[in-house]
Amino acid sequence: MAKAWGGRFEQPTDEAVERFTESISFDARLAEWDVRGSKAHVRMLSEVGLVTSEEAEQIERALDEILQEIRAGRMRLSPELEDIHMHIEHALIERLGDVGRKLHTARSRNDQVATDLKLFVRDAIDRIVELLREVQRAFVERAKRDLETIVPAYTHLQRAQPVSAAHYWLAYCEKFERDRQRLLDCRRRVDVCPLGAAALAGTSLPIDRRRTAELLGFADVTANSLDTSSDRDFLVEFTFDLAMIATHLSGWAEEWIIWFSTEFGFLKLPDAYTTGSSIMPQKRNPDVLELIRGKSARVIAAVQQLFVLLKGLPLAYNRDLQEDKLAVFDAYDTVRSCLALAPAIIRGAELQPDRIAERIEEGFLDATSLMEYLIRKGVPMRAAHETVGRLVAECERRGVRLADLPLEALRAVDSRIDEDVYQVLGSRNAAMALRSLGGGSPAVVAERLAEWEKRLAGADG
Ligand code: ARG
């Protein structure tokens with residue numbers, strides 16, 4: 001097959017080289033965006049008089065047909081045509097002859113592939129942002145159900161203080177909200193059109209870059225053709241944002257795996273989202289959560305892969321950049337599949353309130369509550385801490401909880417303690433008292449929950 005650069009060469013490309021350099025096996029998925037970019041490009045070319053409007057119409061129509069064929073899986077993919085750009089252009093020339101040969105006027109595959117990728121990433125961001133919303137909705141629904149359930153909260157995986165279970169669910173909403181905001185911020189930098197940078201230096205032809213950008217819905221055009229030809233920052237940024245999401249999902253998955261264990265027994269996962277064992281009949285395994293946790297590895301690795309790919313590249317385009325897609329596509333597909341599964345698991349899981357309540361008074365979850373009671377009675381914080389520490393040790397000796405200590409025993413360590421101390425002891429009392437802004441009491445969480453419901457129902461929801 002004649003090469004696009006055939007004019008200068010005396011020998012055909014070695015077949016092994018063709019197999020080695022091809023990217024069609026992974027960039028075929030850019031077809032939609034490639035056609036979108038080409039249609040805008042040729043429309044602009046006709047407006048500035050580089051092709052006639054009849055030629056532009058012919059090309060646009062043919063591009064649509066070619067895309068239909070690709071969608072229907074009817075395009076033969078051949079390594080000697082290297083990549084999706086050449087495949088589409090080749091199909092166009094087959095159909096239109098010399099008219100098809102005009103499409104690539106004032107353009108290079110370098111600005112073309114950058115444009116395709118930006119269009120792809122812009123759409124990908126919109127998808128992920130929507131999927132994140134679904135995950136948030138699922139957590140918010142749970143939060144309504146579980147508001148009054150008090151669970152232990154942990155630091156170092158040691159029992160710390162009691163909070164509303166809904167506080168946990170809204171914690172994940174906050175994390176995923178930052179992820180959404182990060183993506184929307186990244187989108188602003190993606191939304192700048194590379195087309196017209198041509199190979200690396202721009203062109204002597206009278207193109208109208210702003211018009212192409214407008215046709216493609218870009219907010220702006222890039223300002224330096226050398227930078228444009230080499231820039232893949234937006235891919236690193238996008239992939240980092242995905243890695244952050246994957247990390248959040250992984251932490252959540254780990255937490256639920258622990259909560260689902262017999263040792264914890266806090267949570268039952270829906271049958272449809274657990275699997276059995278081929279040898280141990282009693283088993284129910286949280287494989288989906290484990291894989292959400294496990295798949296985060298490749299997303300995090302993708303960020304590294306892109307950095308290593310980019311570091312040390314001189315300006316402008318280098319063929320190394322072809323490899324960028326592998327990392328980005330895999331990270332995107334991975335996060336998308338995790339986010340798509342998460343809401344059903346979040347909604348379908350059942351807390352086990354009886355099981356949680358059975359042991360909620362273990363671990364002195366109300367110790368901090370008692371310390372703050374003493375502070376309110378005028379005891380300096382460090383002294384109060386010391387006093388409660390001694391009381392906890394006393395409880396451990398007696399094998400009882402703080403709320404079981406008789407008033408005399410409490411007053412023996414500090415005479416400022418009164419009968420009203422029993423209103424702050426016990427996990428429920430302790431949880432109810434956590435009323436500072438952002439705190440874990442059901443009352444505060446209910447307020448934040450109302451804000452979440454409003455936000456998710458709102459225009460940007
Ligand atoms: N397949 C190439 C890529 O993905 C397209 C750009 C090729 N440019 C070039 N000068 N060989 O990067």
Side-chain angles (χ1 to χ4, degrees), residues 1-9 11-38 41 63 66 70 75-93 103-124 190 193-203 212 222 225-236 238-239 302 305-333:
M1 206 173 294
K3 285 278 188 291
W5 56 81
R8 194 203 175 288
F9 285 74
Q11 279 182 352
T13 317
D14 188 276
E15 246 184 75
V17 170
E18 283 181 335
R19 280 197 306 277
F20 185 73
T21 55
E22 67 83 24
S23 57
I24 187 62
S25 55
F26 52 90
D27 67 15
R29 74 185 281 179
L30 289 175
E32 302 276 339
W33 296 275
D34 196 72
V35 164
R36 215 191 286 172
S38 288
H41 179 65
L63 284 170
I66 292 166
I70 295 175
M75 170 170 284
R76 205 176 66 80
L77 305 180
S78 23
E80 67 268 27
L81 283 174
E82 271 192 33
D83 56 27
I84 187 61
H85 324 295
M86 302 285 245
H87 275 76
I88 292 176
E89 193 185 350
H90 181 80
L92 188 72
I93 293 169
L103 170 64
H104 212 50
T105 305
R107 186 177 76 171
S108 148
R109 277 187 293 159
N110 298 350
D111 57 343
Q112 187 179 359
V113 72
T115 305
D116 289 11
L117 283 171
K118 280 192 162 176
L119 291 171
F120 173 86
V121 169
R122 207 174 58 175
D123 286 352
V190 175
C193 187
L195 212 56
L200 78 165
T203 172
T212 325
T222 58
S225 58
L226 287 175
D227 172 46
T228 305
S229 172
S230 64
D231 173 34
R232 294 295 183 272
D233 298 3
F234 65 100
L235 295 182
V236 184
F238 173 53
T239 309
Q305 192 177 334
L306 286 171
F307 270 124
V308 178
L309 183 69
L310 296 179
K311 82 170 259 307
L313 290 185
L315 296 177
Y317 178 85
N318 295 276
R319 191 60 178 271
D320 314 47
L321 294 179
Q322 179 164 289
E323 296 273 312
D324 57 5
K325 292 156 210 68
L326 293 163
V328 175
F329 291 163
D330 187 59
Y332 172 54
D333 292 340

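Along the sequence shown, residues are numbered consecutively beginning with 1. If you're wondering where the values come from, they're calculated on a predicted model, not measured in any experiment. When a ligand or atom number is given, it counts from 1 through the structure's own listing order.
Between K325 and ligand 1 there is a heavy-atom distance shorter than 4.0 Å.
A salt bridge is absent between D116 and K325; no separation between the charged side-chain nitrogens and carboxylate oxygens falls under 4.0 Å. Comment: R19 engages E15 in a salt bridge, judged by a side-chain N to carboxylate O separation of less than 4.0 angstrom. Comment: D324 engages R232 in a salt bridge, judged by a side-chain N to carboxylate O separation of less than 4.0 angstrom.
Under the 3.5 Å distance criterion, the side-chain polar atoms of N110 are left unmatched by any main-chain donor or acceptor of S229.
Atoms of ligand 1 found under 4.0 Å from any heavy atom of V113 (numbered from 1 in listed order, with element): 4 (O). The ligand atoms of ligand 1 that sit less than 4.0 angstrom from a heavy atom of D83 are 1 (N), 2 (C), 5 (C). For ligand 1, the atoms sitting less than 4.0 Å from at least one non-hydrogen atom of S23 are 1 (N), numbered in the order shown with element in parentheses.
Aromatic ring pairs are classed by plane angle as parallel below 30°, tilted from 30° to 60° and perpendicular above 60°; the pair F238 and Y332 is tilted.
With a 4.0 Å cut-off on non-hydrogen atoms, N110 touches ligand 1 through its side chain and not its backbone.
Separation of atoms CG (D83) and CZ (R109) is listed at 4.5 Å; rounding is to 0.5 Å.
Looking at atom 12 (O) of ligand 1, its nearest protein heavy atom turns out to be Y317 OH, 2.4 Å.
Comparing E22, Q322, R109 against atom 2 (C) of ligand 1, the shortest heavy-atom distance belongs to Q322.
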